[in-house]
**Q** 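Dropping the structure in here first, questions after.
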There are 2 protein chains.
Amino acid sequence: MPRSHSHHSHSHAEDAEPFTLDGLAELLRSKGLRMTGNRRAILQALLKAKKPLGLEEIQTEAVRQSKGGEPPDFATVFRMMALLEELKIARKVNLGRASSYFELVDSRHHRDHLVCTDCGTVTPLEGNCPVESLERQIARKHGYTQVTHSLEFFGLCGDCSTDAAS
Amino acid sequence: MPRSHSHHSHSHAEDAEPFTLDGLAELLRSKGLRMTGNRRAILQALLKAKKPLGLEEIQTEAVRQSKGGEPPDFATVFRMMALLEELKIARKVNLGRASSYFELVDSRHHRDHLVCTDCGTVTPLEGNCPVESLERQIARKHGYTQVTHSLEFFGLCGDCSTDAAS
DNA sequence: ACGGTTATGGCAAATGATTTGCAATTGTGA
DNA sequence: TCACAATTGCAAATCATTTGCCATAACCGT
Ligand SMILES: [Mn+2]
Ligand SMILES: [Mn+2]
Ligand SMILES: [Zn+2]
Ligand SMILES: [Zn+2]
């Protein structure tokens, strides 16, 4: 795919550009994809999210972001997320639930999560990932490439611990 | 098969009783549950497994363990696994696939996994878990109790890396 | 701005996985 | 051996994911 560095002032799609709507829009276009109202809304929802979102949540957040109008169809959200996964812009997060949850994946700020198995509260964990540095070692030891990981902690939050005791 | 001290065992999986068929049988009975041919076969399949098994696999391995006869119904395997999860004897493992996979959970030998996202190969990782010691810290810091975790690495195995390059 | 090309989106139906109801069966303790 | 409750097979229900089809709309070149 030819890269036209027409005006070098900004937005090289492949650069570690901070995840911004414009940056993502550019990236999509560079792949021959189109930027639509639905997609803008979905991306905004994901950008604003403080925790992984389910398809329903993306749908409702998206319509809120785009200030009203019809929410994107469920299938549309589904296809968009499949696309973003394909492009490694988003990833599925294992929250131990039946349906899928997604978050944008910024290679510099990936997050692990703490999930209350009772009330469902999700807390992104602060600080450095404790296993990121292992990816390289594991890759070498087992002859793997492109190693990523998924790390979640599950437990009972304070409230739910109390409730369980009574 | 020496059953040295199978009495005084009516309680939790915390009795660092080794995970053996008899031990598990006893545990189930202590909960008022019954030990049947199906259950014995399913447990044997799980005990023998070197990696997490899907419901189908449990079904086929179970019939092999019990040396023939009808394989347990799919719903039976499903209910058995729900039960074992409930009792914290087994857990679901996130292999990034659509359907669920299970493994017995021995608090002393829990395993994280390396999964090839292309061919599906699953490799239990040797050695100490790199985050087990964090569970306590996270529990304290966030006011959680009963904290567990799920850690999987994903990537392309040697073969699949080669194929992808061509 | 206009029009042709083609990605996209809505709708509904197909697929796939999980879960449940129910009657017949079977394990267990008495 | 009996009575009772747990278990199981089978089929149907539920829930989540995925796809086909065609009308629509984004983008490109004029
Ligand atoms: Mn991490
Ligand atoms: Mn671990
Ligand atoms: Zn909670
Ligand atoms: Zn592979």
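Residue numbering restarts at 1 for every chain, and letters A, B, ... go by the order of the sequence lines. Hydrogens, waters and symmetry mates are skipped; everything else that's a heavy atom, side chains included, is used.
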**Q** Show me the pairs that pass side chain to side chain donor-acceptor pair (under 3.5 Å) and involve residues 124-135 of chain A, at least two apart or across chains.
**A** A/His110-A/Glu132, A/Glu135-A/His149

**Q** Which residues satisfy the salt bridge (Lys or Arg N to Asp or Glu O under 4.0 Å) test with B/Glu57, sequence neighbours excluded?
**A** B/Lys51

**Q** If you link ILVMFWY side chains whenever their heavy atoms are less than 4.5 Å apart, which other residues fall into the same cluster as B/Val63? By chain and number, please.
**A** none

**Q** Going 5' to 3' on DNA chain C, which nucleotide is the first and which the last to come under 4.0 Å of a heavy atom in chain B?
**A** C/dA17 to C/dT28

**Q** Indicate, with a heavy-atom threshold strictly under 4.0 Å, whether A/Asp73 touches base, sugar-phosphate, or nothing.
**A** base

**Q** Are A/Glu103 and A/Arg91 close enough, and set up right, to give a salt bridge (charged side-chain N to carboxylate O under 4.0 Å, His left out), and what steps lead you there?
**A** CA-CA 6 Å; A/Glu103 71 179 5; A/Arg91 70 175 189 114; 3.3 Å; yes

**Q** Let me know the distance between CE of B/Met80 and P of D/dA6, rounded to the nearest Å.
**A** 16 Å

**Q** Sort and list the pairs that fulfil salt bridge (Lys or Arg N to Asp or Glu O under 4.0 Å) and have at least one residue in residues 137-152 of chain A, not counting sequence neighbours.
**A** none

**Q** Taking side-chain contact (heavy atoms from CB on, under 4.5 Å) as the test, write out the residues that go with B/Gln65, two or more places apart.
**A** B/Gln44, B/Ala45, B/Lys48, B/Glu61

**Q** How is the hydrophobic cluster of A/Val105 composed, in terms of its other members, when Ile, Leu, Val, Met, Phe, Trp and Tyr link through side-chain heavy atoms under 4.5 Å apart, directly or indirectly?
**A** none

**Q** Apart from B/Val147 itself, what residues make up its hydrophobic cluster, given side-chain heavy atom links below 4.5 Å?
**A** A/Leu114, A/Leu125, A/Val131, A/Leu134, A/Ile138, A/Tyr144, A/Val147, A/Leu151, A/Phe153, B/Leu114, B/Leu125, B/Val131, B/Leu134, B/Ile138, B/Tyr144, B/Leu151, B/Phe153

**Q** Could you tell me which residues satisfy salt bridge (Lys or Arg N to Asp or Glu O under 4.0 Å) with B/Arg39, sequence neighbours excluded, listed by chain and number?
**A** none

**Q** Which pairs, with at least one residue in residues 70-102 of chain B and sequence neighbours excluded, count as a ring-ring contact (aromatic ring centres under 6.0 Å, His included)?
**A** none

**Q** Sugar-phosphate means primed atoms, P, OP1 and OP2; the rest is base. With that split, encode nucleotides 14-21 of chain D 5' to 3' as B, S or - using protein heavy atoms under 4.0 Å.
**A** --SBBBB-

**Q** Heavy atoms under 4.0 Å is the rule here; annotate nucleotides 23-30 of chain D 5' to 3' with B where the base is hit, S where only the sugar-phosphate is, and - elsewhere.
**A** --BBS---

